[in-house]
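What follows is one structure encoded as structure tokens, with my remarks underneath.
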Amino acid sequence: MTESKAMILGCSGLALTSEEKAFFRGERPWGFILFGRNISEASQITNLVDELRDSVGWHAPVLIDQEGGRVQRIRPPVLPRYPSGQALGDLYRRDTALGLRAAWVMSRLHAFDLSKLGINVDCLPVLDVPVEGSSNVIGDRAYSGDPETVIAMGRAAAEGLKAGGLLPVMKHMPGHGRGFADSHLELPVVTVARDELEVHDFPPFIGMKDELMAMTCHVVFTAIDPDNPATTSRKVIDGVIREHIGFTGLLLSDDSSMNALSGTIGERAANIIAGGCDIVLHCNGHMDEMRDVVANVPRLAGASLARAKAVEAGFAAPDSADEAELRAEFEAMFAIV
């Protein structure tokens, strides 16, 4: 990852264009992220992942949002459809041990699925704790409205990924559960007191603060910083994420192209770095926007470089679990369509 820039980028289609290959080779993003537009069949995904890594000359992290439920970028017939976080949480409420086992097994199956395609990072678990009336942008992606349930299920999900050789990304720090707007479209503003946030929203991230990666939320917390969303807020990142939560790992922004953020794409990228994030995430693969990102993002250095290196050192060989046995066990818990 020599001289990588502090960014994770997407690409436009099913294979890299010559322009994208040259751009990535010259600008050297630290990693890449795949979306539905990049997916057709297994061999195509594997080839695209190989192209992405070839363009930067090392085994760069390749991320995907493969949660299950609504947010599952690779779907049938390439990969099975998996249940949502809420469905797993419902099982936990009926049978605690079975729910925890289901969360672990589903993540272990994600690891089997994704590692065969060359993908080594899954943006999971969702640690947001929704409240009644909040936006459906989180909704059934969440395990529960109870922080302790979210901690337990989040830990099980993360351990399942790591057992399969993948790394998790916690999201959306320090908590998107109270957002009454969809941050893809507009900026959510949370007005509750900090004491309430510390009791309800922050605990899952404290409970999993030792994970290597997390993603921010584009949410304003007026009790902490009324002027800036968490992603660009030095007060939130230093005072809450680093100090109160105690997270010392690599902090990724949520997608910088989401409309919750203001300014040009270049201004957003600069603000994300100035706010204290280690990595700017840009997902849509639009070349003109990516050029604006790279013009405003530095090379990885200092603490951010150390955190990135810790991630790279954190990938481990998978355990010896039997895929067929685990899949049969999971299908006994849920009908995978």
Side-chain angles (χ1 to χ4, degrees), residues 6-9 30-31 33 61 63 65 67 71 121-129 135 137-138 141-142 150 154 167-179 181-184 186-190 194 197 201-206 208-209 211-263 265 267-283 293 296-297 300 303-304 307-308 311:
M7 59 191 181
I8 292 170
L9 300 179
W30 179 74
I33 188 164
L63 291 68
D65 295 290
E67 298 174 12
V71 180
V121 178
D122 193 359
C123 297
L124 183 75
V126 176
L127 298 183
D128 305 305
V129 188
S135 168
V137 68
I138 299 301
R141 298 166 66 191
V150 174
L167 286 180
V169 177
M170 301 180 289
K171 55 190 187 187
H172 303 83
M173 194 177 276
H176 204 312
R178 287 183 191 274
D182 183 346
S183 53
H184 294 87
E186 57 184 310
L187 178 61
V189 177
V190 172
R194 176 164 176 160
L197 295 170
D201 298 64
F202 301 163
F205 298 100
I206 296 172
M208 295 186 64
K209 66 181 181 180
E211 296 298 333
L212 291 172
M213 285 183 283
M215 181 184 295
T216 63
C217 62
H218 300 333
V219 175
V220 168
F221 298 94
T222 60
I224 302 162
D225 184 348
D227 301 318
N228 301 287
T231 298
T232 60
S233 172
R234 181 65 69 171
K235 293 177 182 178
V236 173
I237 291 175
D238 286 354
V240 176
I241 293 176
R242 297 301 188 190
E243 183 176 334
H244 177 76
I245 290 174
F247 177 66
T248 60
L250 191 71
L251 188 63
L252 286 55
S253 75
D254 203 347
D255 183 9
S256 57
S257 63
M258 290 164 62
N259 289 331
L261 299 183
S262 60
I265 293 295
E267 289 168 344
R268 296 177 190 184
N271 291 339
I272 287 166
I273 295 297
C277 283
D278 298 305
I279 297 282
V280 173
L281 178 64
H282 184 270
C283 297
V293 170
N296 289 276
V297 170
L300 278 167
S304 293
R307 293 173 188 135
V311 170

Nearest heavy-atom approach of G154 to L127 is CA-CD2, 3.8 Å
Identify, with sequence neighbours excluded, every residue that meets salt bridge (Lys or Arg N to Asp or Glu O under 4.0 Å) alongside D65. R73, K171
What I'd like to find out is whether the side chain of W30 reaches to under 4.5 Å of the side chain of D278, using heavy atoms alone. no
Once ring pair (Phe, Tyr, Trp, His ring centres under 6.0 Å) is applied, do any residues pair with H172, and if so which ones, sequence neighbours excluded? H176
Is any side-chain heavy atom of L252 closer than 4.5 Å to a side-chain heavy atom of L63? yes
Is the backbone of C217 close enough, under 3.5 Å, to the side chain of T231 for a donor and an acceptor to pair up by distance? yes
About how many Å separate NE2 of H218 and CG of L187, when rounded to the nearest 0.5 Å? 9.5 Å
Qualifying residues under salt bridge (Lys or Arg N to Asp or Glu O under 4.0 Å), relative to R268, sequence neighbours excluded: none
I need the I273 CD1 to I279 CD1 distance, nearest 0.5 Å. 7.0 Å
Atom pair CG (L212) and CE (M170), whose distance is rounded to the nearest 0.5 Å: 9.0 Å
In terms of heavy-atom contacts, S304 and L250 come closest through O-CD1, 3.8 Å
Below 4.5 Å, heavy atoms only, C-beta onward: do V169 and L167 meet side chain to side chain? no
When rounded to the nearest 0.5 angstrom, what is the spacing between CE in M7 and OG in S253? 12.5 Å
Between N228 and S233, do the side chains contain a donor N or O and an acceptor N or O under 3.5 Å apart? no
For A274, is there any backbone N or O sitting under 3.5 Å from a side-chain donor or acceptor partner on R234? yes
Under the 3.5 angstrom rule, does the side chain of T216 hit a backbone N or O of P174 as a donor-acceptor pair? no
Which residues pass the side-chain hydrogen bond (donor to acceptor under 3.5 Å, both in side chains) test with N296, not counting sequence neighbours? none
Less than 4.5 Å apart, any side-chain heavy atom of P229 and any of V220? yes
Return the CE to CE distance between M213 and M173, rounded to the nearest 0.5 Å. 12.0 Å
Rounded to the nearest 0.5 Å, the CG atom of L197 sits from the NE2 atom of H244 at a distance of 9.0 Å
Residues passing the side-chain contact (heavy atoms from CB on, under 4.5 Å) test with S257, sequence neighbours excluded, are D255, I265, H282, N284, E289
Could you pull out the closest heavy-atom pair between I138 and D128, with the gap in Å? CD1-OD2, 3.3 Å
Please enumerate all residues that pass salt bridge (Lys or Arg N to Asp or Glu O under 4.0 Å) together with D201, with sequence neighbours excluded. R178
Closest non-hydrogen contact found for R242 with G249 is NH1-O, 2.8 Å
